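Chain identifiers are assigned alphabetically (A, B, ...) following the order of the sequence lines, protein sequences preceding nucleic acid strands; residue numbering begins at 1 within each chain. Not measured: the values here are computed from a predicted model.
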Number of protein chains: 2
Amino acid sequence: MPVSLSAVRNDGPFPPFLAAPGPDGTPLTLNDHLRLIHGSSSRLHFRRNETIFGEGDPADHVYRVLTGTVRLCRYLQDGRRHVGDFVFAGDLMGFLECPHHPVTAEAVGDITLVSYPRSAVEWLARFAPGIRGRIASHLSSTPLEAQQHLFVLGCQPARERVASFLVRLANRNDAAEGDTLDIAMSRQDIADHLAMTVETVCRMLALLKAEGAIVVPNASQVILKDLAALRVRAVES
Amino acid sequence: MPVSLSAVRNDGPFPPFLAAPGPDGTPLTLNDHLRLIHGSSSRLHFRRNETIFGEGDPADHVYRVLTGTVRLCRYLQDGRRHVGDFVFAGDLMGFLECPHHPVTAEAVGDITLVSYPRSAVEWLARFAPGIRGRIASHLSSTPLEAQQHLFVLGCQPARERVASFLVRLANRNDAAEGDTLDIAMSRQDIADHLAMTVETVCRMLALLKAEGAIVVPNASQVILKDLAALRVRAVES
DNA sequence: CGGGTTCTTGAGTGTCCTCAATCCTAGTGG
DNA sequence: CCACTAGGATTGAGGACACTCAAGAACCCG
């Protein structure tokens, strides 16, 4: 579903007001920037487990997740799956560096997103370089983060992996002790992300529960009972 | 050891001949480009296990490895080490995206390298954008590669990890069946890279030997007896 | 309310790690 | 030139952790 670019001409000079903060002195937000190419964007909906783009597809769009969660994964010859990362509401998702998508993007639940043609985003990025960094090719947004996950997977035992995952979710949501985390993804998604089995994910959640670090009222929620205890287990980020 | 920039003025216009192939029609090589900022570079030597730069140091230089091999690693609170990647002779190494080095760089054996001030490289990159991609912040040179290693560490058993490592070395050296690979790094380096123990690395090498895939004349050489067998074990790259 | 999917828990097994001993190699000093 | 030594490499035995297989529980959807 390619979008006509005629609505906005993307080869002209950049609006000068963008270089400076807004008229009221507040700095321009990501939204302010993206609004500029709103004319060439389109809103999309996907149902649970639907594919947004497949590995190898031309990477000609960049997406902004409005609601829901997306998983970025790769399928292997033997049918196994590896979930490289999750993209949450508010995040940008795309691979400007690559001609083709290096991963498959799938909807964890029902989701809404906005797609921007690559050309429009690159036009924007030429004048607002910060944009590039905000685009969550999450697999390697910074070398440090990539290292981090590599280490979690390689060197951490099961309980620590799950703790790291929960802490990351908590940080992402600015959750404090006692808050309830909504876990959008399935146990299988988590397992494939942390390179373990579903059973082990369950067991480690049960363990953290037994240790008093969390409460698990239902499969899609976790209450952070003792965030400090979790952070001790988790790898610092 | 900051290098004076006065030898080369890096704020002038870019030499026009760089935009086009050389006078004889051959495209300009990486060396041709780097020669332009040769004046601000300096040659360095390090002995085995010496530190080139430490994690957290300001990333104000980019390096080109002339001879030897470098390992990029992180040290953890509990004293463990994770080797994110190796950088080989001919590769560039640096972190233009980061203000501080996210990893420690150490000499695997005695090495020679050339350091370029960050400012000089960024001046160069402005006109020869390909340079950026050639700079081996190997941890994430492409999202796909980072994913690859993540998967090897997360989902592959010990023998497959070692096979993947050997295949990568073989590819890097354009080695064919029957060729001898020189393994510059120690078993411990390999173990910390593949997230296993030294003992398991040895055992897996012995296993691949027993399977007829390789011959191990000594600790620092491997003869590729059956490259196809190795590739079957390894993750496709 | 029933069927299906997902989650959870249990039992047994295999892989890899830990600990320990030995071998090999390179470097050193006599 | 050779014995000695120290560090790394290799091999073996035993144990811990996570996986596989399997069954039951909880949840969601029609």
Could you run through nucleotides 23-30 of chain D and give me one letter per nucleotide, 5' to 3': B if any protein heavy atom sits under 4.0 Å from the base, S if only the sugar-phosphate is that close, - if neither?
--------

Quick test: give all pairs of protein nitrogen or oxygen and nucleotides 1-4 of chain C nitrogen or oxygen below 3.5 Å, distance rounded to 0.1 Å.
none

Heavy-atom distance under 4.5 Å between the side chains of Val103(A) and His82(A), does that happen here?
no

From dC7(C), dA18(D), dA9(D), nucleotide with atom closest to Ala158(A) side chain:
dA18(D)

Spacing of Leu208(B) atom CG relative to dA9(D) atom C1', expressed in whole Å:
16 Å

What is the distance, rounded to the nearest whole Å, between atom CG of Leu153(B) and atom C1' of dA18(D)?
16 Å

Length of the line joining Ile190(B):CD1 and dC16(C):C1', which is rounded to integer Å
17 Å

Take atom CD of Gln221(B) and atom P of dC24(C), then tell me their distance rounded to the nearest Å.
18 Å

Do Glu160(B) and Pro157(B) make a side-chain contact, defined as non-hydrogen atoms from C-beta onward lying under 4.5 Å apart?
yes

Within residues 196-203 of chain B, the residues having a heavy atom closer than 4.0 Å to DNA chain D are Glu199(B), Cys202(B), Arg203(B)

Taking the nucleotide of DNA chain D with the nearest heavy atom to each, does Gln188(B) or Gln156(A) sit closer to the 5' end?
Gln188(B)

Check the distance between dG10(C)'s P and Leu207(A)'s CG and give it to me in whole angstrom.
13 Å

Do the side chains of Asn49(B) and Glu106(B) get nearer than 4.5 Å, heavy atoms only?
no

Cationic N near anionic O, under 4.0 Å, Arg168(B) to Asp85(B)
yes

Please give, in whole Å, the distance from dT6(C) C1' to Leu205(A) CG?
14 Å

Met185(A) CE - dC7(C) C1' separation (whole Å)
16 Å

Less than 4.0 Å between a side-chain N and a carboxylate O, is that true for Asp192(B) and Arg74(B)?
no

